[in-house]
*Asks:* 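My structure is below; once you've seen it, I'll send some questions.
Hydrogens, waters and symmetry mates play no part in the numbers below; they use all other heavy atoms, side chains included. Being a predicted model, the structure only gives us computed values, none of them experimental.
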Amino acid sequence: MELLRDRLRISSAEARRRIGLADAVLPRTGFGGQQLPPRYEELAAAVDTAQISSRAATTITLAMDRARHFTTPDHTAAMEHDLTLAAVENDADFLTRVATNTGPRRSTRTEPNPPKRPSAKSRAPSSAAPNTACSTWKSSPPPNSSKPSPPS
């Protein structure tokens with residue numbers, strides 16, 4: 001990474017981004033030394049022919065890496081195709097919006113809230129009759145607070 005940084009005069013973050021992109025779009029080497037295709041072949045072809053920028057390719061690889069753990073290989077291939085096509089036909093801002101809205105949705109709530117149980121203080125035994133002494137205030141008129149009552 002230091003070699004890239006010094007030779008190209010780029011930041012270390014940019015060097016890491018380019019190395020991560022190379023891992024996704026360049027051919028790989030297997031354990032036996034055999035040549036393997038790039039992780040994202042269609043994206044690699046678009047980058048190789050300079051149809052999309054390296055920034056757009058990074059946006060796509062990040063979206064693909066987030067989604068590949070939650071999708072099937074067929075869905076991942078379709079997603080790669082759609083995002084690559086969006087990068088070729090549109091600007092980087094549009095691609096970023098599409099890439100962040102693609103893939104599985106994460107909800108902040110995983111389960112519905114359980115129903116609230118009444119507290120022990122407010123619960124009465126089922127065999128007990130309701131207390132009617134505290135409900136008498138409803139039948140008597142409220143005191144007149146605006147005028148003091150005359151002495152009797």
*Asks:* To the nearest 0.5 Å, tell me how far E80 CD sits from I60 CD1.
*Replies:*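 E80 atom CD to I60 atom CD1 measures 8.5 Å (nearest 0.5 Å).
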*Asks:* Do you know which two heavy atoms are closest between A57 and L21, and how far apart they sit?
*Replies:*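 That would be CB-CD1, 3.5 Å.
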*Asks:* For the OG1 atom of T96 and the CG atom of N90, what is their distance to the nearest 0.5 Å?
*Replies:*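 Rounded to the nearest 0.5 Å, the OG1-CG separation comes out at 11.0 Å.
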*Asks:* Please determine which of L83, T76, D82 meets the side chain to side chain contact (heavy atoms under 4.5 Å, CB included) test together with M79.
*Replies:*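 It is L83, the one option of L83, T76, D82 that forms the side chain to side chain contact (heavy atoms under 4.5 Å, CB included) with M79.
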*Asks:* Atom CE of M64 and atom CG of L43: how far apart are they, to the nearest 0.5 Å?
*Replies:*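 That separation rounds to 8.0 Å.
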*Asks:* Using 0.5 Å steps for rounding, measure from the CZ atom of R5 to the CG atom of L8.
*Replies:*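 If we round to the nearest 0.5 Å, R5:CZ and L8:CG are 11.5 Å apart.
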*Asks:* Is there a donor in the side chain of S54 and an acceptor in the side chain of R17, or the other way round, less than 3.5 Å apart?
*Replies:*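 Per modelled atom types, S54 and R17 side chains form a pair under 3.5 Å.
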*Asks:* Say you draw a straight line from OG of S12 to CG of D6; how long is it, rounded to the nearest 0.5 Å?
*Replies:*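 Reported to 0.5 Å precision, the distance equals 11.0 Å.
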*Asks:* Decide side chain to side chain contact (heavy atoms under 4.5 Å, CB included) for R18 and I10; before the verdict, give the C-alpha distance in whole Å, the side-chain angles of both, and the deciding distance to 0.1 Å.
*Replies:* CA-CA 10 Å; R18 290 183 184 189; I10 58 176; 4.1 Å; yes
*Asks:* Only counting residues at least two apart or in another chain, list the ones meeting side-chain contact (heavy atoms from CB on, under 4.5 Å) with D74.
*Replies:*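 Only T72 meet the side-chain contact (heavy atoms from CB on, under 4.5 Å) criterion with D74.
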*Asks:* For the pair D65 and R39, find out whether any cationic side-chain nitrogen is under 4.0 Å from an anionic carboxylate oxygen.
*Replies:*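 Yes, D65 and R39 are salt-bridged.
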*Asks:* Determine whether R68 and Y40 make a side-chain contact, defined as any pair of heavy atoms from C-beta on separated by less than 4.5 Å.
*Replies:*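 R68 reaches Y40 side chain to side chain.
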*Asks:* Where do P38 and A24 come nearest, in terms of heavy atoms and distance?
*Replies:*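 Closest pair (atom of P38, atom of A24, distance): CB-O, 3.8 Å.
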*Asks:* V88, L95: one ILVMFWY side-chain cluster at the under-4.5 Å cut-off?
*Replies:*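 Hydrophobic grouping puts V88 with L95.
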*Asks:* Under the salt bridge (Lys or Arg N to Asp or Glu O under 4.0 Å) rule, collect the residues that match up with R55, sequence neighbours excluded.
*Replies:*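 Applying salt bridge (Lys or Arg N to Asp or Glu O under 4.0 Å) to R55 gives E14.
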*Asks:* Run the side-chain donor-acceptor check on residues 45-52: report pairs under 3.5 Å with partners two or more places apart or on a different chain.
*Replies:*
{"unit_1": "T49", "atom_1": "OG1", "unit_2": "A45", "atom_2": "O", "d": "2.9"}
{"unit_1": "T49", "atom_1": "OG1", "unit_2": "A46", "atom_2": "O", "d": "3.4"}

*Asks:* How far apart are the closest heavy atoms of P27 and Q35, and which atoms are they?
*Replies:*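 Distance-wise, the nearest heavy atoms are CB-NE2, 2.9 Å.
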*Asks:* Locate the shortest heavy-atom distance separating L36 from G30; write the atom from each residue and the value.
*Replies:*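 That closest heavy-atom pairing would be CD1-CA, 3.7 Å.
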*Asks:* When rounded to the nearest 0.5 angstrom, what is the spacing between CG in L26 and CD1 in I19?
*Replies:*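 Going from CG on L26 over to CD1 on I19, the span is 11.5 Å.
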